[in-house]
Structures are given as structure tokens and as C-alpha cells.
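Following: one structure in C-alpha cells, then a few remarks.
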Amino acid sequence: MGNNGEVTPWNMSISSGNVLLRDPRHNKGLAFTEKEREAHYLNGLLPPTIATQELQEKKAMHILRQYEVPLQKYIAMIDLQERNERLFYKLLIDNVEELLPIVYTPTVGEACQKFGSIFRRPQGLYISLKDKGKVLQVLRNWPERDIEVIVVTDGERILGLGDLGCQGMGIPVGKLSLYTALGGVRPSVCLPITIDVGTNNEKLLADEFYIGLKQKRARGEEYDELLEEFMKAVKLNYGEKILIQFEDFANHNAFSLLNRYRNTHLVFNDDIQGTASVVLSGLLSAFKLLGGTLSDHTFLFLGAGEAGTGIAELIALQITKKTNCSIEEARKKIWLVDSKAIKPTVLIGTSGVGRQFTQEVVETMSSLNEKPLIMALSNPTSQAECTAEEAYTWSKGRAIFASGSPFDPVTYEGKVFVPGQANNAYIFPGFGLGLIMCGATRVHDDLLLAASEGLASQVTEEEHAKGIIFPPFSCIRKISANIAAAVADKAYELGLASLQPRPEDLVKFAESCMYSPVYPSYR
Ligand SMILES: NC(=O)C1=CN([C@@H]2O[C@H](COP(=O)(O)OP(=O)(O)OC[C@H]3O[C@@H](n4cnc5c(N)ncnc54)[C@H](OP(=O)(O)O)[C@@H]3O)[C@@H](O)[C@H]2O)C=CC1
Ligand SMILES: CC(=O)C(=O)O
Ligand SMILES: [Mg+2]
């Protein structure tokens, strides 16, 4: 930063203005002022008009809205990200409810499925079996040195779409753009990584446009060795406090990686832990409406995998914290298999299989409960256990409903019902910001509980009265700052925070750490 808040757009050697226009981190397009155009050799490389960022945003949104197909909007957004990063984030932040379904679920799922054919410029870092023995060197090819958060996948369980191999890269890229837009983590410190150990997806293996290794997935020792090398290299290159978010690994690797590295690295698994935290928050919020506390309810899960068992364990943990009962007693409230013997008050879908909550299931839940709480968490929309319309219609307007991918409000018998979006996107950006800003050294389950409570506290009385259990995404930056503060507060209490002294007002501190997409002035 210069004395008057101006910055120089490069820190390496100065090249011609053309390089600046093609550097997405510093490019401002038509918003370069006359002075900047003069000083940075841009005269003639741009048409004469000087536009404000607001006008550029208006134009970009206008163009985007002309595309009817969500995937076209996705491609346009990626193009913008690669052309003008600040404008991309300004769009995403200012129009979050409209654009989240584009850069995130459900459209990102389709983008991953078609990644080979829409692939243009590479995003993120690819580490494959071929890099064994030189992972550190590969990490050093990444242009940024100061990385604070990595989202990594091996592409084996991409949303509920299965094994998409190397094409899973869309997920870490999308998750990290939410880190920035929703959580305010600077884009330069974010690193999306896909580890390519092959794929068992026959369709991809036979596809001439497939961008990954054309071989079956490595398993056992071969897999573990590459992951071990990766985890060591990351710490060596970026230090002890690098945050690593595991994303969309298949069940068998997800749990073992988390268990292997949770005591040696700052890691968390978003599908197990982030999801648990957002769902627990939704429950805490819903019980203000339904009455009772966690331990008064009976939970039935369809799907006992990462998301299902992650949520179940966090519910049990919270019950032990609030009552005197043991974890074993708490677990008795939670059923992960069949519905024949029990009377659930809460039904949670984490199976990855669409349309499993049939009319009969929803009607049964409605006959057992005055207000059945139904969460259809599987993504993308095609895999949701039921739609919002089905939940409200089959329950005759009595259900409290939330889903992993967004649904529009539903009108049933003249009343408008607004479904919630129970997605870990509410948690991980603020959670990550909280860890980073206090210099956390490890993730502890109590930090997840703090995040849940932090999120639940953001739902207003007015929203509760309307049956809304999650606050609107349009307020996500404020929500993330509050989650970050709650997480950091708990980290200080547990002795896990290394930043000293502890900032007095953690919400203000979180806000002051947050990235803004507004253009700087260049001297
Ligand atoms: N809303 C959100 O924030 C999140 C949503 N999700 C979504 O949740 C889904 C599952 O993810 P995850 O838990 O990681 O996946 P896992 O593979 O770990 O778990 C899926 C579970 O569902 C079970 N299952 C599969 N088919 C059926 C069926 N027909 N009936 C009953 N159970 C079934 C599986 O059992 P078996 O092994 O026997 O097949 C397994 O226990 C995905 O669609 C994902 O997108 C995940 C994370 C966050
Ligand atoms: C939301 C998410 O993380 C998933 O569906 O996997
Ligand atoms: Mg996921």
C-alpha cells in the first residue's frame, strides 16, 4: 500500500500494459482511470470510455441474465474470474442468492460432469500419481507463495454424482470462491487442489476428452503414500497453520484421512464436519419453533455415510454438553437405518440418492408430528430426497423443510413457504475465516458446535415466526463474521489460538480481516 492507499499492481518486474490487462488479479478493464492508463502504458489498449465498477457490474449481470442455460452462466462466471477477479467477486457478493446456484450447487455439479468439454484455462493445482516423489516441486509451481487455505479433493464422491475423477476440480475451485465471497478470505491465499489417482468411472475412462489419468483408482499403500507426501509437502511449504479442507472424498478415504491427520495438521472434512455444523444449527433454530431441545427429539437418517454419521455424532456431542447423559445414551436418540420401529420427529436425507422421501414417507412423518422437520440434504437438485414442493404439499403445509441445493419458495393453499438451504456453505467460509484469523493450530469439535450456535443466533424472531430456520444468504458476510468470531472465541478458550493478544472485539476483528472486491487505485 502507498501513503494514500494506492497500490502498485505488480510486485515483480514491470511489463507492458498488456500484461496488466491480462492479469485477472489486477485488471480493472474499462475502470482504469486516465491517470492509470497513462502511468501503466494502457493508452490505446482500451477504448476511451472510463466506466465505474458499478457500471461494469450492471453490464456483466445484464449479459449473464441473457443466458438461459445455467451452465452457460457458469462458463461466463469462470471467464470473468479469469479476466477480472475483483469484478467476479463483486458480482458474487452483491448477487449472492442469484449466483450461488451457478458457481456452486447445483450447476457446479453439471460443470464437473462436463468439465472435459468446457475446460479452457486450467484453474487450481493438479497433483497426480505421476508426481509421486516431487509433490513439493509441484506445489512450488503455484504462482502464490503465501497460501492460508487449501480445499482438496480426489474427485471420488462429487456431490451425489459419484466418481468424476480429475473433473472434480470444479468443487475445490467453487468452494474457495465461496471462501472469498462469503467468508472474506483473500483469493490470493486460497489454493484449490485435485489429487488425481485415477478414476473408476468407465464413461470417463472411455472419453477422449477426459483430462485426468486414464487408469483405475490407486488404492491402499499407493494411495496412502501419495496423500502422505502431499500432507507433508503442504506443511513444509506453507507452515503449520495452513488450513486443509478435505472435500468430496469417498467415504472410505474421508474418515481415514480425517483420523490420520486431525492431530498433526489443521484439517477438517467439510462433508462430515461442516455439514454436521450447519444441520445442527438448523435443528437448534427449528426447535425454537417446534419446542423441546435436542434430547427431546428422535432423529432418523436415510444414509449413514460422511454427512449422516457426521451430523449424528455432532448431535450426540451437543446432547452430552447440554445434559448429563453419556454419548452412548445420546446416540440412542438417533437412528441411521430403518424407520419401522421408531417415531422420528426429524428426518434427514444424506443418501446421495434422489426422491427417496416418497409421498408415503412424508405422509407418515406428518401423521407422527404436527410439524415434521424434513431435511433433504443430498446434492445436486437431482439427488435431493424430495423437492420443496413435495414436502409442503404432502405434509399439507405443515413441514419445516430445508435442502442441500436451493429450491424456490412454494405457494400451497395461498400461503408462501420459503425452504431453507441446509448447506455447509453457511459454515465453512466463516469457520475457515475464524481459524485463520486467530492462527488456530488444530480443529476441535467444540469449534463446530460454536459455529452451529453462531449461525443459529443469526436467525431473527421474525424469520422464526415464518418457519425459516436459516438466515438469508444475502446476509452471509455478516453471518460469516459472526461465525468466525464464535469459532475464534472458542479457539482462545481451548488454548488453540496462536494470535496474541486476543483481539477484544472478535466480530469487528473478523470484519476488518475480510477481503473487499472494490478496486484499489494504482499509482
Ligand atoms: N447439504 C450439504 O451441505 C451436504 C450434502 N451432502 C450430500 O449428501 C449425499 C451423501 O454424501 P456422503 O454422506 O458424503 O456420502 P457417503 O457415500 O459417505 O454416504 C451415503 C450413504 O447413503 C447410503 N445410501 C445409498 N443409497 C441408499 C439408499 N437407497 N437408501 C438408504 N441409504 C442409502 C450409503 O450406504 P451404502 O454404503 O450401503 O450404499 C451411505 O451410508 C451427497 O448427495 C452429498 O452431495 C454431503 C455433504 C454436505
Ligand atoms: C455441499 C457439499 O459439500 C456436498 O454436497 O458434497
Ligand atoms: Mg462436499
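What you see is a predicted model; the values in this text were computed from it and never measured. Every number for a ligand or one of its atoms is a count from 1 in the order of the listing.
With ligand atoms numbered from 1 in the order given, ligand 2 contributes 6 (O) to contacts under 4.0 Å with heavy atoms of Asp248. Counting the atoms of ligand 2 from 1 in the order shown, those under 4.0 Å from a heavy atom of Glu247 are 3 (O). For ligand 1, the atoms closer than 4.0 angstrom to any heavy atom of Gly404 are 1 (N). In summary, the atoms of ligand 2 found under 4.0 Å from a heavy atom of Arg157, numbered by their order in the structure, are 6 (O). Atoms of ligand 2 lying under 4.0 Å from any heavy atom of Leu159, numbered from 1 in the order shown and given with element: 4 (C), 5 (O), 6 (O). When each atom of ligand 2 is checked for a heavy atom of Lys175 under 4.0 Å away, the hits are 1 (C), 2 (C), 3 (O). Taking every non-hydrogen atom of Gly160 and a distance limit under 4.0 Å, the qualifying atoms of ligand 1 come out as 42 (C), 43 (O), 45 (O). Contact atoms of ligand 1 toward Leu302: 30 (N), 31 (C) (distance under 4.0 Å to a heavy atom of the residue). In the vicinity of Ser378, heavy-atom distances shorter than 4.0 Å reach the ligand 1 atoms 7 (C), 8 (O), 9 (C), 43 (O). Atoms of ligand 1 found under 4.0 Å from any heavy atom of Asn251, numbered from 1 in the order shown, are 16 (P), 18 (O). Under a 4.0 Å criterion applied to the non-hydrogen atoms of Tyr104, ligand 2 contributes the atoms 1 (C). Listed by number with element, the atoms of ligand 1 under 4.0 Å from a non-hydrogen atom of Gly352 are 9 (C), 10 (C), 42 (C), 43 (O).
For atom 29 (N) of ligand 1, the closest heavy atom belonging to the protein is Gln356 OE1, 3.6 Å. The nearest protein atom to atom 20 (C) of ligand 1, hydrogens excluded, is given as Thr350 O, 3.6 Å; this is a heavy-atom distance. Scanning all protein heavy atoms for the shortest distance to atom 26 (N) of ligand 1 gives Val353 CG2, 3.3 Å. For atom 5 (C) of ligand 1, the nearest non-hydrogen atom of the protein is Leu377 O, 3.1 Å. Protein heavy atom in closest approach to atom 48 (C) of ligand 1: Thr275 OG1, 2.9 Å. Nearest protein heavy-atom contact of atom 19 (O) of ligand 1 is Gly305 CA, 3.2 Å. Here the protein heavy atom with the shortest distance to atom 23 (C) of ligand 1 is Gly303 CA, 3.7 Å. The protein heavy atom nearest to atom 5 (O) of ligand 2 is Asn379 ND2, 2.7 Å. Here the protein heavy atom with the shortest distance to atom 25 (C) of ligand 1 is Ser351 O, 3.5 Å.
At a cut-off of 3.5 Å, with distance as the only test, a side-chain donor of Gln318 or Glu453 sits close to an acceptor on the other residue. Judged by distance alone, the side chains of Asn379 and Ser405 do bring a donor and an acceptor atom under 3.5 Å apart. Checked by atom type, the side-chain pair Ser256/Asn259 shows no donor-acceptor distance below 3.5 Å. No side-chain donor-acceptor contact under 3.5 Å links Thr298 and Thr345.
Any N or O atom pair closer than 3.5 Å counts here, and Ala422 shares at least one such pair with ligand 1. Checking only distances, Asp271 never comes within under 3.5 Å of ligand 1, N or O to N or O. An N or O contact shorter than 3.5 Å links Ala307 to ligand 1 by distance. Residue contacts with ligand 2: Asn424 is placed with a nitrogen or oxygen under 3.5 Å of a nitrogen or oxygen of the ligand (distance criterion only). At under 3.5 Å, not a single nitrogen or oxygen of Gly308, backbone or side chain, sits near a nitrogen or oxygen of ligand 1.
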Practice prompt. Go through the steps for Ser378 and Glu385 under the test side-chain hydrogen bond (donor to acceptor under 3.5 Å, both in side chains), then give the verdict.
Written response: CA-CA 7 Å; Ser378 292; Glu385 283 79 4; 2.6 Å; yes

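The CD1 atom of Ile315 lies 6.5 Å from the CG atom of Leu294; values are rounded to the nearest 0.5 Å.
Within the protein, the N, O or S atoms sitting under 2.8 Å from the Mg ion (ligand 3) are Glu247 OE2, Asp248 OD1, Asp271 OD1.
Classification of the Tyr261-His265 ring pair by plane angle, with boundaries at 30° and 60°, yields perpendicular. Aromatic ring pairs are classed by plane angle as parallel below 30°, tilted from 30° to 60° and perpendicular above 60°; the pair Tyr179 and Phe428 is tilted. Relative orientation of the Phe287 and His297 rings is parallel, given thresholds of 30° and 60° on the angle between their planes.
Of the heavy atoms in Asn423, both backbone and side-chain atoms come closer than 4.0 Å to ligand 1. Looking at Asn423 against ligand 2, only its side chain comes within 4.0 Å, counting heavy atoms. Residue contacts with ligand 1 for Asn424 involve both N, CA, C or O and side-chain atoms from C-beta outward (heavy atoms, distance under 4.0 Å). The part of Asp271 lying near ligand 2 is the side chain, judged by heavy-atom distances below 4.0 Å.
Of the candidates Ile171, Leu100, Val173, Ile171 is the only one forming a side chain to side chain contact (heavy atoms under 4.5 Å, CB included) with Val108.
Remark: Glu148 does not engage Lys241 in a salt bridge, criterion side-chain N to carboxylate O under 4.0 Å. Contact check on Asp445 versus Arg262 returns a salt bridge, with a Lys/Arg side-chain nitrogen under 4.0 Å from an Asp/Glu carboxylate oxygen. Ion pairing of Glu228 with Lys232 is present here, as a side-chain N (NZ or NE/NH1/NH2) and a carboxylate O approach within less than 4.0 Å. Using a cutoff of 4.0 Å between basic side-chain nitrogens and carboxylate oxygens, Arg219 and Glu156 are scored as salt-bridged.
Aromatic ring centres of Phe401 and Phe417 lie farther apart than the 6.0 Å criterion allows.
Taking a distance limit of 4.0 Å, we find that atom 43 (O) of ligand 1 is approached by some protein heavy atom. Under the 4.0 angstrom criterion, atom 37 (O) of ligand 1 counts as lacking any protein heavy-atom contact. For atom 8 (O) of ligand 1, the nearest protein heavy atom lies under 4.0 Å away.
In this structure, Trp142 and Leu191 have side chains that are in contact, with non-hydrogen atoms separated by less than 4.5 Å. The shortest distance between side-chain heavy atoms of Thr199 and Tyr210 falls below 4.5 Å. Residues Leu129 and Asp196 form no side-chain contact, since every pair of their non-hydrogen atoms from C-beta on lies 4.5 Å or further apart. Side-chain contact between Leu205 and Lys216: present, with at least one pair of heavy atoms (C-beta onward) separated by less than 4.5 Å.
Considering Glu247, Gln383, Met375, Arg157 only, the shortest heavy-atom separation from atom 15 (O) of ligand 1 involves Arg157.
A distance-only check finds a donor-acceptor pair linking the side chain of Asn95 to the backbone of Leu91 [under 3.5 Å]. Of the possible donor and acceptor atoms, none in the side chain of Arg355 sits under 3.5 Å from a partner among the backbone N and O of Gln383. Between the side chain of Thr275 and the main chain of Asp270, a donor-acceptor pair closer than 3.5 Å is present.
Enclosure of atom CG in Asp408 is not indicated, since only 12 or fewer non-hydrogen atoms of other residues, nucleotides or ligands lie within 6.0 angstrom.
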